[in-house]
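Report on one structure; see the data block that follows.
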Amino acid sequence: MGQKKCPHCQQWSDWNQDIEDTCEHCGKKLSLMEIQRNQKREEERIANEQKWMFYIQKSDPPFMVFLKKAGNLFYTVFMAIMTFLLWLIAALPG
Ligand SMILES: [Zn+2]
């Protein structure tokens, strides 16, 4: 149990260290900053995936979905092999 200053009404409210806790005065989320930060991180993660991988869109025709899935599989296997090679080089003596 603790207390946290509400970002909406600037009053101190009881807080259970939970990101979903709400203010006892105005009923809004106490962890607005944390929630926004989480959302931003999630958006960046998705943006990164779309940049690196063949992102499958709902409007893609079936053959494009197949090609992109094959591309993603190839990419994943390629990265796994590269990781293994790097590990091998690092593990070799000298
Ligand atoms: Zn409040």
Side-chain angles (χ1 to χ4, degrees):
M1 276 295 275
Q3 288 225 310
K4 191 176 173 70
K5 197 174 187 181
C6 174
H8 305 281
C9 64
Q10 309 299 323
Q11 294 198 69
W12 290 89
S13 174
D14 282 341
W15 181 50
N16 299 314
Q17 325 274 317
D18 193 324
I19 202 167
E20 293 295 332
D21 274 357
T22 52
C23 173
E24 65 187 50
H25 303 285
C26 66
K28 289 178 180 166
K29 298 266 196 244
L30 280 172
S31 305
L32 188 66
M33 292 290 285
E34 286 85 345
I35 289 170
Q36 283 177 343
R37 208 183 305 144
N38 277 3
Q39 281 176 348
K40 199 157 185 289
R41 207 178 298 149
E42 182 70 9
E43 280 168 16
E44 278 170 8
R45 193 183 63 79
I46 291 168
N48 265 335
E49 271 183 11
Q50 292 180 1
K51 201 179 349 171
W52 285 103
M53 310 283 269
F54 300 102
Y55 185 66
I56 295 163
Q57 283 156 337
K58 283 200 175 73
S59 58
D60 280 343
F63 77 94
M64 274 305 290
V65 173
F66 174 76
L67 278 180
K68 285 178 173 179
K69 277 185 177 171
N72 283 342
L73 184 68
F74 177 79
Y75 178 83
T76 307
V77 171
F78 177 75
M79 286 307 288
I81 291 169
M82 284 302 288
T83 307
F84 174 72
L85 282 178
L86 286 175
W87 172 84
L88 201 66
I89 290 165
L92 283 174

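Counting convention: from 1, in listed order, for ligands and their atoms alike. Along the sequence shown, the residues carry numbers beginning at 1.
- Rounded to the nearest 0.5 angstrom, Leu67 CG and Phe63 CZ are separated by 7.0 Å.
- The structure places CG of Asp14 at 9.5 Å from CG of Leu30, a figure rounded to the nearest 0.5 Å.
- Applying the salt bridge (charged side-chain N to carboxylate O under 4.0 Å, His left out) test to Glu24 and every residue at least two apart in sequence or in another chain returns nothing.
- Protein N/O/S atoms nearer than 2.8 Å to the Zn ion (ligand 1) total 4.
- When the salt bridge (charged side-chain N to carboxylate O under 4.0 Å, His left out) test is applied to Lys4, the partners found at least two apart in sequence or on another chain are Glu34.
- Checked for salt-bridge contact, Glu43 and Lys40 miss the test: no charged N lies under 4.0 Å from a carboxylate O.
- With sequence neighbours excluded, the residues satisfying salt bridge (charged side-chain N to carboxylate O under 4.0 Å, His left out) with Lys68 are Asp60.
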